[in-house]
Structure formats: C-alpha cells, structure tokens
Amino acid sequence: MAGAVSTFPTRVRTPRRATAESPVVKVVLITTLVVFFALFLVLPLFVVFQEAFSKGVETFLKTFEDRATAHAVKLTLIVAAISVPLNTIFGLAAAWAMTRFQFRGRALLTSLIDLPLWVSPVIGGLIYVLVFGAGGWFGPWLRANDIQIIFALPGLVIATIFVTFPFVARGLIPLMQAQGHKEEEAAMTLGASGWQIFWRVTLPKIKWGLLYGVILCNARAMGEFGAVSVVSGHIRNKTNTMPLHIEILYNEYQIAAAFAVASVLSVLALVTLVVKAYAEWRAERQLMEAMQTSEGPNP
Amino acid sequence: MSITIKDISKNFGKFAALKGVNCEVRTGELVALLGPSGSGKTTLLRIIAGLEFAEEGQVFFSGRDVTDHSAYQRKAGFVFQHYALFQHMNVFENVAFGLRVRSARSRPKESDIRARVESLLETVQLADYAKRLPSQLSGGQRQRVAFARALAIEPEVLLLDEPFGALDAKVRRELRTWLREFHNTVHLTSLFVTHDQEEAFEVADRVVIISEGLIQQIGTPSEVRSNPANTFVEEFLDVAQFTA
C-alpha cells in the first residue's frame, strides 16, 4: 500500500500567503528600507559618537568640566524636571476628561490637543514672546512687578510644556477609551472613594500607557530646540539648554565639544527608545486585555 | 432590606429610557427584571445602584430615601455582565477590595479580611484559585469571583446585570441553579436583569416585565404565564418560548 502512494513524486514548496508580493518586490522594498535606515538614522548616530570622541576620551570628558556646558546640562534637567511632571498631570486630566465625560466641544478639544504637534515649534516660542515679552500683552505689567518670563527659566518651561503637551494625553486616550470604566464603577459600588479608585484601579490599569507617554514627553522636553530657542535669548550660563548650547559650540568651531554634548542627548534618545519599546509592548498588552475582557464570551 | 422605586423617569438626550416606573422588591425576595434589549431594564438597575441618576422619581431602601446617595454611599452589591474584575489583582485581592478600601476605623483586621475572603471563595467554590489572575479563569469562574466580591461588603441588596449573559449555555444553567440555591440559604434581597424568559421564570420569586421604559406586568412566574396583562406580555412570552 505504501508503494502505491510513493509512485507519485511529491514536490516540496514553501507556501506563501495569498497577499504576499513576488520575491523581487519583497527584496527591493526591504533593501530600500535598510539603506534608508542606514543612511538617515544609523550613520548620523555613528558620526555623532565618532566626532565626540575624535580627540580622545579626555577631551570628551573635559567638555563637561566647562562651566557653560555644565550649566546647560543642569538647566536642561531642571526644565525637564518641571515640565514633565506638570504635563503628566495635564495629560492625565485631559485623557480623563475626554474619555469619561460627554460634553459639547469634546471632538474639537481632542484635535486641539494635537496642535503643538502640527504647528512649527518656532511659533510655539513666538506666541509666548508676544504674550509675555517686553512688548507683549503682559510685558509692561510683568516688568512693573519685576517678573521675568521671557529670556528666563519660566519662559523655557512654558515653551517646553507647550511643545510636549500632547504626548501623555495622546498615549492615554485610546487606552482609556478601550478599557471603559466598568472597573471603576465596580470599585464605586464596593465603597471606594474617587481618590482610592484612581490609585488602586485606574492607575494600575493605565500605568504602561502613562509611562510610554511620559518617556516621549521627557525625550522631547530635553531635546526641544525651536520653541526654546525663541524664548531663551541664548544667554550663556543662564538660559542655554543643551540643544541650544550645542549650536553655540558648533558655531564657535568647537566641533568635538559640540558633538560631545550631542552624544549625551543621543544616548538619552537611545535609552528612551529601549524603555519606550518596553513600555509600548506592555501598554499594548494592557490594551489587548482590555479589549478581550470587555467583549463577548470567554473560554 | 426592601427596594422601592417611585415614579422614576430617565432620559438619554431625547431618548426616554424610563417613563415613570414604579415597583418594589420585598425583603428577602429574588426578583427578575425581564425585558427585550433597549427596554430600560439595565438603566433601572443602575439607577438603583447609584451608577446612574434619574431626572424624576425616588429610590428607597427600606423606606429610607437614597435618591441622592452616590453608589459609594449605597453600597449595593453589584454584579456586572462582563464581570468588571480588577485585571491587575488576583482573585483574593479582587474579593478583598471592598474591605480594604474602608476607612481605617471600620476596616477589619488583616486576619479577619483573610478569613472572610477565604470563606467567600469557599462559597463560590474557588478556594484553590485565590492566587490566579482574572485572565487565567474561565467565564463562569470570573463571574463567581464577581459574586464573591459583591458579597464581601455584606450588602443588604444584590443587583445583577445580566449575570449569565456572557456565558455559554451549560455554565449558564449551572450558575443560575447555584444562584437560586444560594438565595434559598441567605435570602439576600436581590434584583437581576435578564432578557431570557426561561432564566427569569426558573430563578425568580417574582418577575417584573418591562418594555419601552414602562412596566408591563409584575407577578409570580405562574401568574404572568397564566394571565398575561396585555398583548405585549403575551407576544413577548410567546416569542421567547419559540427561541428558548
């Protein structure tokens, strides 16, 4: 019986999916992608580190002993330390309002949250100069009361908050929408107060999505150039953040120093990328779980 | 504890979900709120729990006006159709939640919480599952956790929103038999929402039939079956018999 079957020659082939393109198209597309990545992402990153260490590790380290550079690093950390927590709170509040309440103008607000993403950062800086600057709306009043916002720390923080506002809220809104609020309702019927519900039920549910947003927000806060540049005034040892300082060093032909500072920002970006990938993966799982449990029969 | 509903009306925008509803659940009774989808039955249940608020009318628990009390104050045990378990907590912590969120003054000791949760898990036959996460349980098991969680706060009324709606036929039957037996031993005033006539007639002491925001008939299963109040009830029961 076995002999009868084996008289037919069998041809082994790897099945391909019906939607798959021909191998040629596949190769061309993947090659294009790899070349693009190498040229526009990997190479520049490599150059940054190459240039940073071009005059040796000692010169690299010396860069950060320079007073102006050290100050720029410190200022960047301060700006991020103020604006990121504030935007975390704003983002949470916004996502909460958008997903928990039905109100007139909700759709408009949802798209307004994205405004900082599609408006040029320079404009983001300029509007605050026009509002708080010497010739701006509140300029005379601020000067009379001896409050400096533009060309000072408050201006840097405000501009950074503007630019990084969308990240937390955008990460949370789809997640919270999918999760619904049945668990919160259950907690309510069990006698939990609003505060307890937030800490014990809502926050654990959204923590990875929140972390994801906070990381993106932080990366942008530390790396922001345009908006901050307008309100900063580039005062060395006073209002120069790292990205602004890099430009100054570069313009002064201190190439190695410029790249040294740039490499620190690049490391930040790489760390962000890794943490982000992890948080994104966890957030996606939370989202999947939310979709599973809110629908249909279970096993 | 008894539940009294007086002239409750509720609108969602232009849609009138409830139009002046009156009914009563007596102490220790198990009542089914039966109606087709969109009839307003879930809305009524949520109004009783304090998860929704009516434009008009009042809700009384044992003669006490709780119309303006929040869900947080009413502490009516509530079981959701899709369980609404806390995904990040294991079975034990889900059941313990209602005890843990009490103010320091009224919170039981840790050992008492443990004893209470363990006895509840015993009651719902899940003693061996205390460490599992909800995602590791079957639908029927999840719903039993939800029961135990609602009972943990020692509610005086139990409200169930299509408690068997998301389960397959066999588990559904088991669980509703279990609910009836549980009720026979504890006599906790209970109101459950269902669109399944068979379920309502098999489990409940009395049935409240609701349609388009109005109560059509209230009575024991045999009363309703032998003497339908109007053509709606007649037709609804007929159709239900065919599809059941």
Side-chain angles (χ1 to χ4, degrees), chain A residues 99-107 172 174-212 278-279 281-299, chain B residues 12-13 46 49-52 70-89 93-103 106-107 133-143 146 149-155 158-159 161 164-169 171-172:
Chain A
T99 56
R100 294 288 192 265
F101 309 126
Q102 294 290 334
F103 53 91
R104 208 180 281 267
R106 200 177 69 117
L172 287 181
L175 181 66
M176 288 171 80
Q177 222 141 33
Q179 285 176 336
H181 48 271
K182 282 279 180 272
E183 288 180 42
E184 279 81 354
E185 284 187 347
M188 223 195 298
T189 63
L190 293 167
S193 65
W195 196 240
Q196 284 173 323
I197 292 173
F198 176 75
W199 286 106
R200 291 171 183 244
V201 178
T202 307
L203 200 59
K205 263 169 60 175
I206 60 168
K207 66 179 174 203
W208 290 108
L210 181 64
L211 181 66
Y212 174 69
Y278 182 71
W281 176 66
R282 295 296 303 251
E284 228 160 72
R285 268 198 3 189
Q286 260 182 343
L287 188 68
M288 296 289 280
E289 274 169 23
M291 306 226 278
Q292 261 177 20
T293 51
S294 64
E295 277 171 355
N298 282 293
Chain B
F12 292 108
R46 289 171 60 84
L51 292 171
E52 210 87 67
S70 65
Y72 160 77
Q73 291 165 307
R74 291 186 204 187
K75 285 191 198 165
F78 200 99
V79 175
F80 293 83
Q81 179 176 8
H82 295 295
Y83 332 121
L85 296 177
F86 307 125
Q87 294 299 318
H88 61 285
M89 295 181 203
E93 287 306 319
N94 262 282
V95 178
F97 184 87
L99 302 172
R100 292 208 194 286
V101 295
R102 287 193 189 164
S103 67
S106 58
R107 188 166 48 223
L133 286 174
S135 55
Q136 298 166 317
L137 300 178
S138 72
Q141 289 168 334
R142 287 181 206 188
Q143 196 56 297
R149 183 178 67 175
L151 296 172
I153 58 168
E154 299 180 298
L158 189 59
L159 306 170
D161 183 13
F164 317 118
L167 303 169
D168 63 54
V171 182
R172 220 178 152 105

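Please read all numbers here as calculations on a predicted model, not as lab measurements. Each chain gets a letter, A, B and so on, in the order its sequence line appears, and its residues count up from 1.
- One N or O on the side chain of H88(B) and one on the backbone of R200(A) form a donor-acceptor pair closer than 3.5 Å.
- Using a 30° and 60° split on the angle between ring planes, F97(B) and F86(B) fall in the tilted class, from 30° to 60°.
- The 12-atom threshold is not exceeded at CH2 of W199(A), counting heavy atoms of other residues, nucleotides or ligands nearer than 6.0 Å.
- Chain A forms more heavy-atom pairs under 4.5 Å with one residue of Q73(B), R100(B), R74(B) than with any other, namely R100(B).
- For a residue to count as touching a neighbouring chain, one of its non-hydrogen atoms must lie under 4.5 Å from one of that chain's; by this rule R149(B) touches chain A with backbone and side chain alike.
- For a residue to count as touching a neighbouring chain, one of its non-hydrogen atoms must lie under 4.5 Å from one of that chain's; by this rule A146(B) does not touch chain A.
- Heavy atoms of L85(B) lying under 4.5 Å from chain A belong exclusively to its backbone.
- Heavy-atom minimum distance, F80(B) versus E185(A): CE2-OE1, 3.5 Å.
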